[in-house]
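Beneath this line is the structure, given in structure tokens, with notes to follow.
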Amino acid sequence: MTANPLAPAWLAHPEDANELVAAVWPAHASRNAEGELTVAGVTASALAAEFGTPLFVMDEADVRDRAAGARTAFEREFARVGSAAKVYYAGKAFLSTEVARWVAEAGLHIDVASGGELAVALAAGVDAAILGFHGNNKSPAEIDRAVREGVGVIVIDSAIEVERVAEAAARHGVVQRVRLRLNSGVHAHTHEYLATAREDQKFGIAMPDAAEVVAAIRALPSLEFIGLHSHIGSQIFEPDGFVEAARRLLGLQAELLAGGPVPELNLGGGFGIAYTSADRALPVAEIAASLADIVASECARLGIPIPVVAVEPGRSIVGPSTLTLYEIGTIKDVLVEVAGEEGQDGAARRAVRKYVSVDGGMSDNARPALYEADYSARIASRASAADPALVRVAGKHCESGDIVVLAEYLPGDVAPGDLLAVPATGAYCWSLASNYNYLGRPPVVAVRDGMARVIVRGETEADLLSRDAGITNGKQ
Ligand SMILES: Cc1ncc(COP(=O)(O)O)c(C=O)c1O
């Protein structure tokens, strides 16, 4: 069989359209003897029968292992260069009380970016001292609660926040540890990074203004300055952007050391993961080793002590651990003109793109619509020997941009009623979910050792109607 000319260049025509490419699927996903997809020993059909579809299926041991693996790698590599490291889990990727406890049990700190995320972490019962609180527009009430609850570190994002945090700390009679987020001018996205003098974005303090803001922090007795912070972007595959950011921040660190201690340096998150067979993610051990090397060599060059380095990965901890299970409803073959190709008769050449529609879509995964993010997919309920066909997986929303998987090969006999699994949906899918078209947000189940349990329940129609004041005020 030949490749479909409508397929993007990166998508190889597969030998076997049932194959689960290891880097893209949860660690404990496999096909059983009957060819059905299983996660940690539970079949897709059993999960769908018990919990319905769409369904987020999280491989619990995979999340725990990735959290522990990140911590071990960073601690080992920074110990090698004579320092130490802290790994924060960036809760914005996916946060529930269970997940907060898993990562805390793995020894990670947790980064929260709103009062709501803070509330979830606190409800999990984790020690507030392991939390870092981010945000470019934290409300005074959010700051007050964070200080009152004993959040370990608040990341100051603008000069205005210095006073706000200091006042809250004074009010509660504590000394609040703070970092200062910098706009380092380095912005990385996937394989490229951009370095400018000032990056045009809302986060952080421009490098030239940083010394003045740090001096203001140090002058306030209710604040303790512990270091600089930068986050350069997401889904990063090359270390160059981190290297450049570390260089810039350490240069400033050397200047700041003249005025007092700067014990830590936070280099943010953004480590890329594989969404498709074409993505090659860097192993966390390699990222940790290159960051340790660059931080150590820059500190040696500058003649300063190596700080404790913190990082904040979110996507790389939860992203690959989870798949979304959908049921296929309708299928249609659409004849599409192949761009730039004509047949012998001069007429445009056409090829078939199979539109496979599922029972969720942009309400449970906004990333393809938001960022044209690529995903992959497999039939989950069975394996098939049918020749691969190029498909586009669409959702059920009233938007033509409601695409779940732009391009994938599935067995050509894919049919209504098949269960479809989309892997690598653990990060920024459930957390970005909406109720568009009044779809309820799906449940999240954790699967471990042959057992599945709900960790976030799905929304029912009653949930959706419960906030409609036209009903609840009795005037319907
Ligand atoms: C400040 C900060 N830290 C960490 C992260 C986590 O990034 P990722 O999930 O790509 O690792 C983000 C993501 O936007 C962020 O803004």
Side-chain angles (χ1 to χ4, degrees), residues 84-92 108-115 117-118 121-122 126-184 202-231 245-246 248-250 252-269 305 307-312:
K86 286 182 184 169
V87 179
Y88 284 77
Y89 166 64
K92 67 203 75 171
L108 266 53
H109 297 239
I110 301 175
D111 146 31
V112 296
S114 70
E117 289 183 5
L118 174 60
L122 293 172
V126 302
D127 183 356
I130 69 165
L131 304 179
F133 187 30
H134 264 293
N136 67 300
N137 187 20
K138 307 172 197 73
S139 71
E142 287 174 321
I143 292 171
D144 190 81
R145 182 169 187 198
V147 172
R148 178 165 38 90
E149 300 278 5
V151 159
V153 188
I154 295 182
V155 184
I156 289 185
D157 195 276
S158 59
I160 289 175
E161 274 189 352
V162 176
E163 279 297 333
R164 288 184 187 167
V165 179
E167 277 170 21
R171 201 162 46 243
H172 292 288
V174 296
V175 175
Q176 178 63 52
R177 286 154 56 85
V178 297
R179 302 184 196 277
L180 181 64
R181 180 163 178 175
L182 293 178
N183 173 350
S184 68
K202 70 173 183 172
F203 292 110
I205 304 265
M207 298 279 289
D209 305 332
E212 201 181 318
V213 181
V214 172
I217 294 171
R218 283 176 166 155
L220 290 159
S222 62
L223 299 183
E224 179 189 349
F225 175 68
I226 65 160
L228 301 172
H229 174 283
S230 104
H231 171 76
R248 291 183 179 203
L249 264 65
L250 287 167
L252 180 58
Q253 174 121 351
E255 286 173 35
L256 296 176
L257 278 165
V262 191
E264 296 193 10
L265 173 69
N266 189 323
L267 293 173
V308 172
V309 167
V311 287
E312 296 170 343

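Since this is a predicted model, take the numbers as computed values, not measurements.
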Taking all atoms of both residues into account, what is the closest heavy-atom pair of [X] and [Y], and its distance?
{"X": "Pro305", "Y": "Leu257", "value": "CD-CD1, 4.2 Å"}
{"X": "Ile205", "Y": "Ala159", "value": "CD1-N, 3.6 Å"}
{"X": "Ala169", "Y": "Gln176", "value": "CB-CB, 3.9 Å"}
{"X": "Ser222", "Y": "Ala170", "value": "CB-N, 3.8 Å"}
{"X": "Lys138", "Y": "Val155", "value": "NZ-O, 2.6 Å"}
{"X": "Ile154", "Y": "Ala146", "value": "CD1-CB, 4.1 Å"}

Calculate, to the nearest 0.5 Å, the distance between atoms [atom1] and [atom2] belonging to [X] and [Y] respectively.
{"X": "Leu182", "Y": "Leu252", "atom1": "CG", "atom2": "CG", "answer": "6.0 Å"}
{"X": "Leu122", "Y": "Asp127", "atom1": "CG", "atom2": "CG", "answer": "10.0 Å"}
{"X": "Phe225", "Y": "Arg179", "atom1": "CZ", "atom2": "CZ", "answer": "9.5 Å"}
{"X": "Glu142", "Y": "Asn137", "atom1": "CD", "atom2": "CG", "answer": "8.0 Å"}

Do [X] side-chain atoms and [Y] backbone N/O form a donor-acceptor pair below 3.5 Å?
{"X": "Glu312", "Y": "Ala90", "value": "no"}
{"X": "Arg218", "Y": "Gly260", "value": "yes"}
{"X": "Glu212", "Y": "Asp209", "value": "no"}
{"X": "Asp157", "Y": "Gly204", "value": "yes"}

For residues [X] and [Y], determine if any side-chain heavy atom of one lies less than 4.5 Å from a side-chain heavy atom of the other.
{"X": "Leu228", "Y": "Leu256", "value": "yes"}
{"X": "Glu264", "Y": "Lys86", "value": "yes"}
{"X": "Asn183", "Y": "Phe203", "value": "no"}
{"X": "Val165", "Y": "Ile217", "value": "no"}

Between Glu161 and Arg181 (salt bridge meaning N to carboxylate O under 4.0 Å), is one present in this structure?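 Not counted as a salt bridge, because no side-chain N and carboxylate O are separated by less than 4.0 Å.
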Does this structure show an ion pair linking Lys92 with Glu117, if we count only N-O contacts that are shorter than 4.0 Å? no
Determine whether Leu249 and Gln253 satisfy the following criterion, side-chain contact (heavy atoms from CB on, under 4.5 Å), listing intermediate values before the conclusion. CA-CA 6 Å; Leu249 264 65; Gln253 174 121 351; 5.9 Å; no
Decide side-chain contact (heavy atoms from CB on, under 4.5 Å) for Glu163 and Leu220; before the verdict, give the C-alpha distance in whole Å, the side-chain angles of both, and the deciding distance to 0.1 Å. CA-CA 9 Å; Glu163 279 297 333; Leu220 290 159; 4.1 Å; yes
Under a plain distance cut-off of 3.5 Å, with no hydrogens placed, do His172 and Asp144 share a side-chain donor-acceptor pair? yes
Non-neighbouring partners of Arg145 that pass side-chain hydrogen bond (donor to acceptor under 3.5 Å, both in side chains), sequence neighbours left out: Glu149
Applying side chain to side chain contact (heavy atoms under 4.5 Å, CB included), name anything that partners Pro263, two or more places apart in sequence or on another chain. Ile226, Pro261
Between His229 and His134, is the ring centroid distance below 6.0 Å?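 Ring-ring flag for His229/His134: true, centres closer than 6.0 Å.
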